[in-house]
Amino acid sequence: MTGRPPPGGPAPPRNDLLLDLDNDQPVYSTGQRSALTDDDLLNSYAYDQDGAQARPSVSYDDFVGSGQARQQPGGRGPPPVGTSASAAGPASPYGSQPVNRQYSQTSDLGNYQRYADDFDDYPEDGTSYYQAGGAPGADSAAAANARNRNSVLSLGGGLLGRVKNKLGMGQGYSEMDLPLTESRAGSRPEPGGAGGGAPPPKDKGNFKFGFGRSKPDPSTLGPRIIHLNNPPANAANKYVDNHVSTAKYNVATFLPKFLFEQFSKFANIFFLFTAGLQQIPGLSPTNRYTTIGPLIVVLLVSAGKELVEDYRRKQADKALNQSKARILRGSSFEETKWINVSVGDIIRVESEEPFPADLVLVASSEPEGLCYIETANLDGETNLKIKQALPETSTMVSSSDLGRLGGRIKSEQPNSSLYTYEATLTMQAGGGEKELPLNPEQLLLRGATLRNTPWIHGVVVFTGHETKLMRNATATPIKRTRVEKQLNTLVLVLVGILLVLSAISTIGHLVQQSVQGDALAYLYLDSMDGAAAVARLFIKDMVTYWVLFSALVPISLFVTLELVKYWHGILINDDMDIYYDVNDTPANCRTSSLVEELGMVEYVFSDKTGTLTCNMMEFKACSIAGIMYAEKVPEDRVPTMEDGVEVGIHEFRQLRENIKSHPSAQAIHHFLALLATCHTVIPETSDTGNIKYQAASPDEGALVEGAVQLGYKFVARKPRAVIIEANDERLEYELLAVCEFNSTRKRMTTIYRCPDGVVRCYTKGADTVILERLNDNNPHVDVTLRHLEEYASEGLRTLCLAMREVPEHEFQEWFQIYEKAQTTVGGNRADELDKAAELIEHDFYLLGATAIEDKLQDGVPETIHTLQEAGIKVWVLTGDRQETAINIGMSCKLLSEDMMLLIVNEEDADATRDNLQKKIDAIRNQTDATIEMDTLALVIDGKSLTYALEKDMEKLFLDLAVMCKAVICCRVSPLQKAMVVKLVKKYQKQSILLAIGDGANDVSMIQAAHIGIGISGMEGLQAARSADVSIAQFRYLRKLLLVHGAWSYHRVAKAILFSFYKNITLYLTQFWYTFQNVFSGEVIYESWTLSFYNVFYTVLPPLVLGILDQFVSARLLDRYPQLYNLGQSNSFFNKRVFASWISNAVYHSLLLYIGGSLFWINDGVQGNSVPVGKWVWGTAMYGAVLLTVLGKAALVTNNWTKYHVIAIPGSFVIWVVFVAVYGIVAPKLNFSTEYHGIIPLLFSSPQFWIQMPTLAILCLSRDFAWKFSKRLWKPEAYHHVQEIQKYNIQDYRPRMEQFQKAIRKVRQVQRMRKQRGYAFSAADESQTRVLQAYDTTQHRGRYGEMASSRPVQ
């Protein structure tokens, strides 16, 4: 569309702010390349660093589909006019334009330090090691050393590596500690380091206090030398091996990492400190092992859980590392494991297999060394990318040829840029050496998969953690939940209360002794003569009371929480509702410590391809000459006659009948012929005669399959012809010219000489560009538009098909212009080709339209709609084009017909800032409330996002985004996904973020969020291995959050609060006792009985509350998603709720102590006037406390099972039996002698049996009254739902929902004209190159290779 204004004339200036109401067409990106590279962005900015310099992000369009060259950092700009494309830089494999690449290292500087630790030279580079008689597997010590280099111990990511690097003792190049890549523009030292200039100033900021300097810039290390077919030479360089680990720990790092994580919890530090105080003789009123023992048990349980979860990660890694690979050894390929693949190996990869490492393509089975790869696991793009080997190596199709290959590759050092690569290949040629340039077109990345190509051969250049995929990965982060952080704060509050109680008791003791010192002389108390004695006594008393009241912080809570969360993980794993039986994939909770945050999520960041969609296209319907045809016809749309006009939808079988005799038969023929010929699909015929279509785009594959379904079968391709079978005839269409698809033209045109000798121009593309190029004689335009709107309202992706007959003389004149445009030199060839296409793409006749379903996963629309009802904001981050993303957004209910789309699609930073600011102002300054916040949706493309994520604009962008109910970010790179998540995390500190994806490109996003969910889908298991929870389908997220998440949050909150309550209730009775024992620090309960309180008697109630409690059933939680707000607002675990539980505990302890004292007044004087003593009434009070605490558990539980009966009443029975046995046996074994003679007195006393239920009822009557009044007069939302559940009240909402659905359908059709997308997601590849290389009528050679059909130059 070069030279032609957009439809409807030039767009008016956007001064209104929210929508371009004057323009009927959506505004789409032109796909131009940003001026920033991935390396600029990775090195110049990090969200986690304060004071970091401003750093831009990079959109997906910076790498794919460049429209025109732009000025690059460092002064590299587009080549001057008159410069050849080859001089300007190698052609990008992702676009038809030559692009000027950013180089990471130069390949011709000889003054760099070698990567190897030794500097031996290998002059025999030109010969093969195997040719010279070498044996594979030599130098095993070097190989072992290489593996050691890849271990966490030696990498910068490991503990020792970090310490050594801090001390300046680290190795010269550490793969994990360095920035992923360094800025390369203008940063290289001059060769030789001299040149007359002043020496560079010393960088004082890098000085390490005399222990060495910081690590060198990797770009100064120079290229790595990789020897072909020479394993000993490569082994000497000690490159890392191909082992990959995503585990959290290893043998060396487990203890320090685990202890660091555990003692980041204040409670564990508190218990360790208390255990230390207990070891001081004479100060502790309790046994010295009552704290250190339980603490060790807690740590062992936590360690066991961590080890089990990390073992599962290691098993997943092991399965990947043990995958099969084929390595060239001598003159044949041997099967081995991925872990044994080394740098310099030549390996063979076959169709549908992933690449085990980063490879340089040497040869393939396809003509001219072409191969197709799918990078969805890297960048989310489903279109197949085309890679091509060098012509000099593309003929090496046999293993014997490869075995004789000698030479070396001089490659750049490992870096994270997925879209750049610089290297040279030096090989023998004509008795000498020939140096050949390598670029990204030859690079095959780990994480990508070979498609539609029987096999390829490649040389390994990067392995293991040095591959570009792993360089983009981050270490498995240690995530701590919001509840856990709050728990830390509450522990500090309790420690503060503990200090207050200790201070009160200590001061009371000092006052008591100073006032009544003489009267207490018989106690032999420490003297208080002098300030030093008072201070010493103060410290001694503080330690005593600290230990006495230390159990206010329940040590059992933390082992209870570990068990509860681990069991929650098991419940998720075993849930059959989120088990996918199609491929036997259950849910897998890999990090159970995060389960409660599943119930607190406010933002969901989702990938699209493979997560929301199935990555499968289906040809569903078409409209030809105003008649609709579909695969399946609804009963209410069966064709009928109305007013003499046939309306409705015909089945495809009717189309096959219509092509024979219907008035539209000619249109049907050209429609189907266009589908069968106008594409870049390659047919592959098997030995059995079956044809498999190799499609670079799933859309194109679906269209060709649709043509086959309707009787027009594409059977063969020649460089200048396409052969199809139709109506039992074999028809050959002579290909005259191709006007390629790109993101600006939005259409593809092929010009054929048809079998009848007529030259016809076949075009398919978006309706916005086809309809404006029609002639005046098109009777079916209006009806076709109505059909397009109906298709779009159903979420189908549409294309318009048109044709015109071209007179021979017109074609000849045009072809001369086209050929001239093809040979244009000077960097504007694409523009000239676009202009030439415009000359022939006019006066079309509209044949009809197609409708393709980008098949959503089952249940996606319902899931997203339900999540939005639950108050969760869903953001979709996708590499797809804007129009495609909007279309999918509509079909999956992320966007609805009543939403106002805010489209941000600008070409520079100033325009982006202005657009964002005007939209925010328009929303904030509205006075008539015409804009509802729940109806706003933001759509931003990758280029605008590049600018919006800059430091000075990020807050502006976020302010607008959080106002919207839904956000779609299009054309985003993997790095931008993580940056968007980190941006929201940075400013929305109280919000819980969840990221969900299925590809390796989603890993950084998954790890950046509070919770990462991986889909075990079509794109491999990289995301699932890096996630906290993995599920098989997006729809399972609904139950995972609304049911398991809500339950987990409620259960964990209740378990924590009850644990605090039960301990404070018991230990505050000890505090009240200090006022009765003249602050002596005397205990009222026997020491081991105190310890058993948490270990035996009250351990089960918090477990059953934490594992089995259901405040609302799963069915009703799903039916009323609004209940999810309870977790988002943290209603069950906040400071007010915590304070109410603590106040209740204080109240209960006071009642229990006063009541217990009254029941046993004056130490319980017996009939013989002898008091029973404090151990009797203390044990009786212990029973009353226990019964009250268990009664409270019964009062707060929401459902009763047999396990509740065992845990709550059962715990009291356990105490009664245990204390009876223990109180008799223990004194006879000479420990717990306080119980000597106590049990007979206690159990024979009616006061004991009356006291326990009386005090428990007295305490809990207030709780019961509060619960009753709360539900009666101020009920919460979930109280109503609990009543609906209990009484099975009928819900009459479905009728209203059906009515609202019908209303939405009407509105949606009215709005669809603006939002209609088109189904053409082919990458901006060179389609002509592919079409001219293949001749599928020829047979493959001996090794399965297909010779090129292009004439030898």
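Heavy atoms only: backbone and side chains are in, while hydrogens, waters and symmetry mates are out.
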Pair K248, E261 - check salt bridge (Lys or Arg N to Asp or Glu O under 4.0 Å), show working. CA-CA 12 Å; K248 196 173 175 181; E261 189 173 347; 3.6 Å; yes

Derivation and outcome, side-chain contact (heavy atoms from CB on, under 4.5 Å), residues L993 and I1011: CA-CA 6 Å; L993 279 52; I1011 311 166; over 6 Å; no

Can L1040 and I1013 be said to form a side-chain contact (heavy atoms from CB on, under 4.5 Å), step by step? CA-CA 10 Å; L1040 188 66; I1013 307 291; 3.8 Å; yes

Steps toward side-chain contact (heavy atoms from CB on, under 4.5 Å) verdict (L916, M953): CA-CA 9 Å; L916 294 172; M953 213 185 306; 4.1 Å; yes

When you look at K986 and E954, which way does the salt bridge (Lys or Arg N to Asp or Glu O under 4.0 Å) test go after all the steps? CA-CA 11 Å; K986 178 180 178 183; E954 59 181 23; 3.0 Å; yes

Is there a side-chain contact (heavy atoms from CB on, under 4.5 Å) between V904 and K919? Walk through the geometry before answering. CA-CA 9 Å; V904 181; K919 284 178 166 55; 4.2 Å; yes

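Looking at R1038, its side chain never comes within 3.5 Å of a backbone N or O of T866 through a donor-acceptor pair. Between the side chain of N1125 and the backbone N or O of Q1122, at least one donor-acceptor pair lies under 3.5 Å. With D358 contributing its side chain and L445 its backbone, the two residues share no donor-acceptor pair below 3.5 Å. Without hydrogens or angle criteria, K468 side chain to P414 main chain gives no donor-acceptor distance under 3.5 Å. One N or O on the side chain of N925 and one on the backbone of D921 form a donor-acceptor pair closer than 3.5 Å. With hydrogens and angles disregarded, a donor-acceptor distance shorter than 3.5 Å links the side chain of R482 to the backbone of Q990. With hydrogens and angles ignored, the 3.5 Å screen pairs no side-chain donor or acceptor of T591 with any backbone N or O of S593.
In terms of heavy atoms, V967 sits closest to A961 at CG2-O, 3.8 Å. The two residues T481 and E596 make their nearest non-hydrogen contact at OG1-OE2, 2.7 Å. When all heavy atoms are compared, the tightest approach of V595 to S1048 is O-CB, 3.7 Å. Of all the heavy atoms in A1027 and G1012, the pair that sits closest is CB-O, 3.4 Å. In plain terms, the two heavy atoms of C964 and L960 that are nearest each other are SG-O, 3.3 Å. In plain terms, the two heavy atoms of V860 and C892 that are nearest each other are CG1-CB, 3.7 Å.
Using a 4.5 Å cut-off on side-chain heavy atoms (C-beta onward), Y1036 and T863 make no contact. Contact of the L856 side chain with the I888 side chain is registered, since non-hydrogen atoms from C-beta on lie closer than 4.5 Å. Within the 4.5 Å cutoff, side-chain heavy atoms of Q988 are placed close to those of V962. Within the 4.5 Å cutoff, the side chain of F957 has no heavy atoms near those of the T912 side chain. Annotation: side chain of E602 is not in contact with side chain of K873 (no heavy-atom distance under 4.5 Å). In this structure, the side chains of Q976 and L877 stay at 4.5 Å or more apart for every pair of heavy atoms. In this structure the side chain of I864 reaches within 4.5 angstrom of the side chain of Q868, judged on heavy atoms. Side-chain contact between Q1128 and M600 is absent, with no heavy atoms from C-beta onward closer than 4.5 Å.
The distance from atom CG of L936 to atom CG of L902, rounded to the nearest 0.5 Å, is 5.0 Å. Once rounded to the nearest 0.5 Å, the distance linking NZ of K1039 with CG of L598 reads 13.5 Å. Atom CG in L894 sits 10.5 Å away from atom CG in L867 (nearest 0.5 Å). For the atom pair OG (S944) and CG (N915), the distance works out to 7.5 Å, reported to the nearest 0.5 Å. With values rounded to the nearest 0.5 angstrom, L594 atom CG is found 10.0 Å from H1010 atom NE2. The distance from the CG atom of L895 to the CG atom of L938 is 10.5 Å, given to the nearest 0.5 Å.
Defined by atom type and a distance below 3.5 Å, a donor-acceptor pair is present between the side-chain atoms of N1130 and Q486. Using a 3.5 Å distance cut-off with no hydrogens or angles, the side chains of E869 and Y1124 do not pair a donor with an acceptor.
Checked for salt-bridge contact, R913 and E950 miss the test: no charged N lies under 4.0 Å from a carboxylate O. Salt-bridge annotation for K943 and E907: present, with a side-chain N of the basic residue lying under 4.0 Å from a carboxylate O of the acidic one.
D959 is linked by a side chain to side chain contact (heavy atoms under 4.5 Å, CB included) to I920, R924, K955, counting only residues two or more places apart in sequence or in another chain. With sequence neighbours excluded, the residues forming a ring-ring contact (aromatic ring centres under 6.0 Å, His included) with F605 are W875, listed by chain and number.
Of the residues D941, V939, I940, the one that meets the side-chain contact (heavy atoms from CB on, under 4.5 Å) test with N905 is D941.
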